[in-house]
Amino acid sequence: MPMEKTFNAAEAEQRLYDAWESAGCFTAGANAKPGADTFCIMIPPPNVTGSLHMGHAFNNTLQDILVRWHRMRGFDTLWQPGQDHAGIATQMVVERELAKDKSNATRREMGREKFLEKVWEWKQQSGGTIINQLKRLGASCDWSRNAFTMSGAPGAPAGEDGNFHDAVIRVFVEMYNKGLIYRGKRLVNWDPHFETAISDLEVENIEVAGHMWHFKYPLAGGETYTYVEKDEDGNVILEEERDYISIATTRPETMLGDGAVAVHPSDERYAPIVGKLCEIPVGPKEHRRLIPIITDEYPDPNFGSGAVKITGAHDFNDYGVALRNQIPLYVLMDTKGHMRADGKPYAEEAALARAIAEGHQNASSIDTTAVNLVPEKYRGLDRFEARKQVVADITAEGLAVMVPNPKAGEEGEPGLIPFVENKPIMQPFGDRSKVVIEPMLTDQWFVDAAAIVGPALDAVRDGRTQILPERDRKVYFHWLENIEPWCISRQLWWGHQIPVWYDQEGNEYCAASESEAVKMAHSRYAAKRPDQEIQVAVENGGNISVRDHAGREIELVSNVEAGWVADYKSGKPGTLFVELRRDPDVLDTWFSSGLWPIGTLGWPEKTPELEKYFPTDVLITGFDIIFFWVARMMMMQLAVVDQIPFHTVYVHALVRDEKGKKMSKSLGNVLDPLELIDEYGADAVRFTLTAMAAMGRDLKLSTQRIAGYRNFGTKLWNAARFAEMNGVFENDKSDGTVPTPSETVNTWIIGETARVRAEVDEALAAYRFNDAANALYAFVWGKVCDWYVEFSKPLLMDGTPEQQAETRATMAWVIDQCLILLHPIMPYITEELWGTLGQRSKMLVHADWPTYGAELIDADADREMNWVISLIEEVRSARAQMRVPAGAQVPMLYTELDTHGRAAWDRNEALIKRLARIESLDAADALPKGCITIAVEGGTLGLPLAGIIDVAAEKARLEKSLAKLEKELGGLQGRLKNPKFVESAPEDVVEETRDLAAAKSEEADKLRAALARLAELA
RNA sequence: GGGUGAUUAGCUCAGUGGUAGAGCGCUUCGUUCACAUCGAAGAUGUCGGGAGUUCGAAUCUCUCAUCACCCA
């Protein structure tokens, strides 16, 4: 049955993938040669909520190429797949699912344990989406080892067992014990939507249209000073008596929590009032708070008024100023970003703050963060609503700085208006929630990143880990050298719960398990109170378990009601009762994905896989997670097992739309890789991405380009179809033996194949994926299909049995090589052809990658075929330009033809005649008048077409060629005439230039002779 | 403000000191039995501007311009 005209990707892809998978082709070590080196890639785990986007398609195509290439080369290969549990994203998805049905309980109503059950249910139903999408792309991961960053966590259902949770907890405990993890109250990025802390990397700073308000902070007690403004030359441009200091702010609602006003120490304008108190111009008049005017390096004297309000608990810069100057931190908002409604009445709180400001009360003796300085009228308001009201109230009171109204004079327009600048401001947004992030002072857990960053920096500096492209090293260094403590706690439920328990005195017990913590608590109190019976009660999910000194459970009470503890205690007089409560927070997802390389291989167990594949080889990832992930993996692997996780990091750029815009849902310019695969096939999508993967450059993807590479697949398909139709594979041994033909064309194409194999290997070894793809494209289309298949036709159809046999064998081999070399990039079409064409001992996915090289290149065959090709091209070009009918068979004459040329003609006569449409070749003493001249190396030939050709046109053609030649020749000879060039340029360059000049000169002579003949005619 | 990169054919981009390239698009021709998802031929470039180093610069240095991204 003849082959179809095109490859049916839609039909074949699933079938082929299933065949690979069911044969275990992708499992770790499949196709490994005995004693082979290992090659391991860790997939950058996509979010379990994720679906395949173009970035994934790109990233995984490159990984798959490396993996398939190594596997075919006989490496012991593992591509480790998996997903990460994506704390915020997953919790968000599941909550949204629940909200679809109003009868469902909300997350808070159902409680932590029930909710987590729902999350696991969701994960088991929907968490595999991206796995199937990666399979459609052709990703040859070892799915039997699919990992998940929450596997093995308490409450994980059957099938979700694994060690990842153990690894995470163990690392936390070890780092805690080494003092690398600590808890503290610090300013963190708070997401008011999800009500959790997030790391600064999860914040997107976006420029938005904002306002800058200018307000007057009156000096305490009605004091005044002379405010003097000078220009650059020191001339006084403004001098006035003021009873206030002018403050500019983009966030008026935070004024309520101001602890000071700061000016630069060098700022003479405010020197008279430094150290004095001023009044925050908002809140009930009778309780106006006074704050000090201080100096600090932070304020920029040239920005705004030069004076800055300091709200230490709601701004990162202010926080630094407050810490340096012992300014109290007042928290104004709750976890939802609403103005606080808790605490004592404002009057009492304000009095306390006032006492602190005036020095009557020592701020360090009380927790100022508990003080609620939000006046009653603003309590409970959303922060943005509070801003509006604060602005309105201050303006109404006449404490806004006023400026002349540009519309003054128009009806109803006042002469002065409040000074409000419209200006772009950088505002932080949560990358998941898209709400404005609020800096908040909260208790959080931190990794002391500065303490573990050293080895991660060294490993890259000394080259044990190589980052490609090299310039991304700088990004890595810059971030690591300026590293901040990493906030790893999240106020979520979905994640690894922090393994720390607190007792009623606030002591911490960090332990890998609850019973471990119980024992720790027990021994702590036993040491203090050796004579007393001690029982430890642990609360966990509404249950209380009472344990003895060995951690044995004495009593378990479910659904504990209020007062139970007191009752229980009173029933046990003489027993010291220690109550433990586990920290409710979970760890940042990146803390667990930071352990991905060792965690997926079974650490802390000493598994054979860990032994074998770690350290892994290459990490391929997007530039956007150098900080998030690469740097953290480096730090954590080095901190935990003291080894680099991979020797090479290949950082790839962004896939953009064809206009260069970032793909985004809101712009609607997203190309869905799955739709593209449906339309063009996975191979075309993969080849496109590969061909465009120039290191460090963004990809602008257009469907036209994908269609082009789909056509490339079709081209390959049809070359194979031609071979099949000509019986090429009928007696094929397909054992990979290189044929040893005697026909020049056959020898030549074998050499070309060897050349491209070396190019592909070299390119892939250097991670130059685009070079590999383009080399193969040029070879398969430009050499095999354009020339070799055409050359083979006379041999296959009219050749001797010997010629036919060797050409069949050569073509079978060449096409096999195309399939093998293309397979890492285009796995489906190549596997399908492999299976269709011959009898194979194994699938292409496990075929042996060739190692032949330059020894197969025959220089004589090369030269001969290049001569033949250029002759054919010359003839075709001349014919087309002279409008010789395409189908016409024409005679050809030669006046001179050297021995090489003569031999080349003799050996390749049939194919030259066929491809150039020549009917005969004869010697002539001189070319007749009215002849198209063909000048080639070592020969002058002509097509005598007196009746057909247009003398003027032939003259024009020759003159044009000559002009071009002369221009080139001019450049070459100019160089050669320059004695300095001959002196200083390398010898081979000079030699090359001479040869080239000679050849051009010879060709030019031939053209001049031809022109002379034409002149005679005219 | 700091950093990184880009600027090469109409478009998208390769090209790290020695003859300016590819794909797409465009023009003309072509239904010869692998392929019209094709074939043949052709046109199109002061390699962003300027200066420098060099026998020689798209390539190295400086500078200016425009654009993009990252970090403040």
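Lettering of chains follows the sequences in order, A, B, ..., and the numbering in each one begins at 1.
Nucleic acid contact class of A:K977 (heavy atoms, under 4.0 Å, all strands): none. Counting any heavy atom pair closer than 4.0 Å across all strands shown, A:R879 reaches no nucleic acid atom.
Judged by atom type and distance alone, A:E790 does not reach the base of B:A40 through any side-chain donor-acceptor pair under 3.5 Å. Residue side chain A:R473 does not reach the base of B:U4 through any donor-acceptor N/O pair under 3.5 Å, judged by distance alone. Residue-to-nucleotide contacts include no donor-acceptor pair under 3.5 Å from the side chain of A:R471 to the base of B:U4.
Summarising the geometry, the separation between CE on A:M725 and P on B:C35 is reported as 6 Å, rounded to the nearest angstrom. Whole-Å rounding puts the A:K964 NZ to B:G45 P distance at 13 Å. Rounded to whole Å, atom C1' of B:A41 lies 13 Å from atom CD1 of A:I934.
When distances run from any side-chain atom of A:R768 to the nucleotides B:A34, B:A14, B:G15, the shortest one goes to B:G15. Among B:A34, B:U37, B:G42, the nucleotide with an atom closest to any side-chain atom of A:Q881 is B:G42. Among the nucleotides B:A41, B:A34, B:A36, the one closest to any side-chain atom of A:K5 is B:A36.
For B:G17 and B:A57, the P atoms lie 14 Å apart once the distance is rounded to whole Å. Between the C1' atoms of B:U44 and B:U53, the separation comes to 33 Å (whole Å). Straight-line distance between the P atoms of B:G3 and B:U12: roughly 29 Å, to the nearest whole Å.
Nearest-nucleotide assignment on RNA chain B puts the 5′-proximal partner with A:R917, out of A:R917 and A:T714. Nearer the 5' end of RNA chain B, as judged by each residue's closest nucleotide, is the contact made by A:F722, out of A:F722 and A:A880.
B:U31 makes up no base pair with any nucleotide shown, lacking Watson-Crick or G-U wobble contacts both under 3.5 Å. The partner of B:U37, taking Watson-Crick or G-U wobble pairs whose two distances both stay under 3.5 Å, does not exist in any strand shown. The pairing partner recorded for B:G5 is B:C67, the criterion being a Watson-Crick or G-U wobble arrangement whose two distances lie under 3.5 angstrom. Base pairing annotation: B:A14 forms no Watson-Crick or G-U wobble pair, as no partner gives both donor-acceptor distances under 3.5 Å. When both distances must be under 3.5 Å, the Watson-Crick or G-U wobble mate of B:G52 is B:C60.
Looking at heavy atoms from C-beta onward, A:N8 lies out of side-chain contact with A:T6 at the 4.5 angstrom threshold.
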Inset, instruction - Check the pair A:N746 / A:Y788 against side chain to side chain donor-acceptor pair (under 3.5 Å), numbers first and verdict last. - result: CA-CA 8 Å; A:N746 290 329; A:Y788 181 64; 2.6 Å; yes
Inset, instruction - Go along nucleotides 18-24 of chain B 5' to 3' and tag each nucleotide: B for a protein heavy atom under 4.0 Å from its base, S when only backbone or sugar atoms are that close, - otherwise. - result: BB---SS
